[in-house]
Amino acid sequence: MNSHPVAFTFCRQIPWCRLALLWSLASLFTLAGCGKRENAGQSISPPHRASSTSRPGDSGSTIAAGLSAKIKFKTENGDTAFSLKPQDDGAKLVDADERELARFNLSGSKLKVKDANDLVLGYIVASAGKYKIKNASQGVELWKLQRQDDGDWKLEDEKDQLIYKIKKREYGFEIEDATETSLFKVKLKDGKSSLRDTSDHTVFSTKDQVPTIAVSCLGFETIESLPLRSALMTMLIIDAGR
């Protein structure tokens, strides 16, 4: 005798196709519930996002190099002297009022220097710890900045005559002339880099991240052109980020 007459009667009244459908639905709900229990406590990885600094196909961009943000230089009294602003093809030099003083166009390891009127002033050419400043036609090598094995640097003219020694110090660098007379010091202290004269007065300073050897370029007074000195500094900054 069947111990469940009501259930038996109910099953007889429902066609087999309906029973199959109910069984399928019940199986689906069971599988869904298992899937949720298996995934409980597991974090879902966010979709990969390309870095905001990547620029596919833009081989000359400084965004992926050391110059990725505006660098502002101030005088001793805190006034803005000039700034370096990154561009897609290099950088530009602007004064305190954001007026363009020069533009630096990067192509590989070469920086073309142009003034505000688009006149070419010269080129900075970099290669393995050596930086050459060439004239507008690139036919004359005006100056050469080169790193030494001991960490010091030297600046020579077109005749390979020594102009400056840039000596490594605990605080940064010291710039001396060919007779080893001290001219400037570049100090890094509390996140601020400063070019200081022999009286320890600040000539230029910045709180932006800049290699101290790059700041040293601002003390190369034998290079009378600020755009050329700034371009040399810019090339060192760019290389530091490569």
Side-chain angles (χ1 to χ4, degrees), residues 62 65-67 70-76 80-86 90-95 101-106 109-115 121-135 141-148 151-158 161-169 171-178 182-188 192-198 202-242:
T62 62
L67 185 58
K70 181 179 179 180
I71 299 174
K72 183 182 293 185
F73 288 90
K74 296 185 177 183
T75 59
E76 186 172 26
T80 298
F82 55 87
S83 301
L84 282 175
K85 300 178 71 173
K92 68 178 178 179
L93 180 70
V94 298
D95 65 13
L101 300 175
R103 183 175 291 270
F104 312 139
N105 300 123
L106 180 66
S109 296
K110 182 186 293 186
L111 205 63
K112 179 190 289 187
V113 186
K114 298 186 294 183
D115 66 11
L121 302 177
Y123 289 82
I124 311 296
V125 182
S127 61
K130 184 184 297 183
Y131 300 84
K132 297 178 180 179
I133 301 179
K134 295 186 176 183
N135 67 351
E141 184 180 304
L142 303 175
W143 294 279
K144 177 175 61 181
L145 178 66
Q146 186 171 357
R147 187 181 186 280
Q148 307 300 292
D152 291 351
W153 293 69
K154 65 179 180 179
L155 182 75
E156 297 176 333
D157 63 13
E158 73 279 7
Q161 296 295 314
L162 179 65
I163 304 300
Y164 297 127
K165 295 179 180 179
I166 305 93
K167 294 184 177 180
K168 183 69 176 175
R169 302 294 189 219
Y171 53 77
F173 285 94
E174 182 175 11
I175 303 174
E176 298 179 344
D177 64 14
S182 181
L183 303 174
F184 295 100
K185 294 180 180 179
V186 180
K187 296 184 177 181
L188 175 62
K192 180 168 132 178
S193 299
S194 58
L195 176 70
R196 297 173 175 267
D197 62 18
T198 53
T202 297
V203 181
F204 298 115
S205 68
T206 181
K207 290 184 178 180
D208 298 312
Q209 189 173 357
V210 183
T212 48
I213 184 59
V215 178
S216 299
C217 298
L218 297 177
F220 298 164
E221 292 184 330
T222 190
I223 306 174
E224 297 181 357
S225 169
L226 177 62
L228 285 179
R229 292 202 306 268
S230 299
L232 180 59
M233 176 176 63
T234 300
M235 196 72 208
L236 284 164
I237 295 172
I238 290 172
D239 269 4
R242 287 178 170 173

Test your reading of the model: is there a side-chain donor-acceptor pair from S109 to the backbone of V125, 3.5 Å cut-off?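 It does not hold such a pair.
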Indicate every side-chain donor-acceptor pair of residues 226-236 with a distance under 3.5 Å to a residue at least two apart or in another chain.
from	atom 1	to	atom 2	distance (Å)
R229	NH1	I223	O	2.7
S230	OG	L226	O	2.9
T234	OG1	S230	O	2.7

Determine the sole option in R196, K187, K165, R169 for which the salt bridge (charged side-chain N to carboxylate O under 4.0 Å, His left out) test with E174 is passed.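 So, applying the salt bridge (charged side-chain N to carboxylate O under 4.0 Å, His left out) to E174 and each of R196, K187, K165, R169, only R169 qualifies.
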Can you measure from [atom1] ([X]) to [atom2] ([Y]) and round to the nearest 0.5 angstrom?
X	Y	atom1	atom2	value
I133	C217	CD1	SG	7.5 Å
S194	K185	OG	NZ	11.5 Å
T206	F82	OG1	CZ	9.0 Å
L106	L111	CG	CG	6.0 Å
K85	L93	NZ	CG	11.0 Å
L67	L84	CG	CG	6.5 Å

Can you confirm whether more than 12 heavy atoms, excluding those of E76, are under 6.0 Å from its CD atom?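 Count over threshold, so yes.
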For a 4.5 angstrom cut-off between non-hydrogen side-chain atoms, does [X] reach [Y]?
X	Y	answer
L195	F73	no
K74	F204	no
I71	I237	yes

For [X] and [Y], work out which heavy atoms get closest and say how close.
X	Y	value
F184	V203	CE2-CG2, 4.1 Å
G151	K168	O-CB, 4.1 Å
S216	F173	OG-CB, 3.8 Å
V210	V215	CG1-CG2, 3.7 Å

Can you list everything that forms a side-chain contact (heavy atoms from CB on, under 4.5 Å) with [X]? Sequence neighbours excluded, please.
X	result
K154	Q146, Q148, E156, L162
D157	W143, K159, Q161, I163
T75	N77, D79, A81

Residues in ring pair (Phe, Tyr, Trp, His ring centres under 6.0 Å) with F220, at least two apart?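 For F220 the ring pair (Phe, Tyr, Trp, His ring centres under 6.0 Å) partners, ignoring immediate neighbours, are Y164.
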Under the ring pair (Phe, Tyr, Trp, His ring centres under 6.0 Å) test, residues paired with Y123 that sit two or more places apart: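 Listed in chain order: nothing, the list is empty.
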Taking the six-membered ring of Y131 as reference, does the cationic atom of K144 (NZ for Lys, CZ for Arg) lie under 6.0 Å from its centre and within 45° of its axis?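 Relative to the ring axis of Y131, which defines the angle, K144 lies outside at least one limit.
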With side chain to side chain contact (heavy atoms under 4.5 Å, CB included) as the test, would you mind laying out the steps for D208 and K70 before giving the verdict? CA-CA 8 Å; D208 298 312; K70 181 179 179 180; 6.0 Å; no
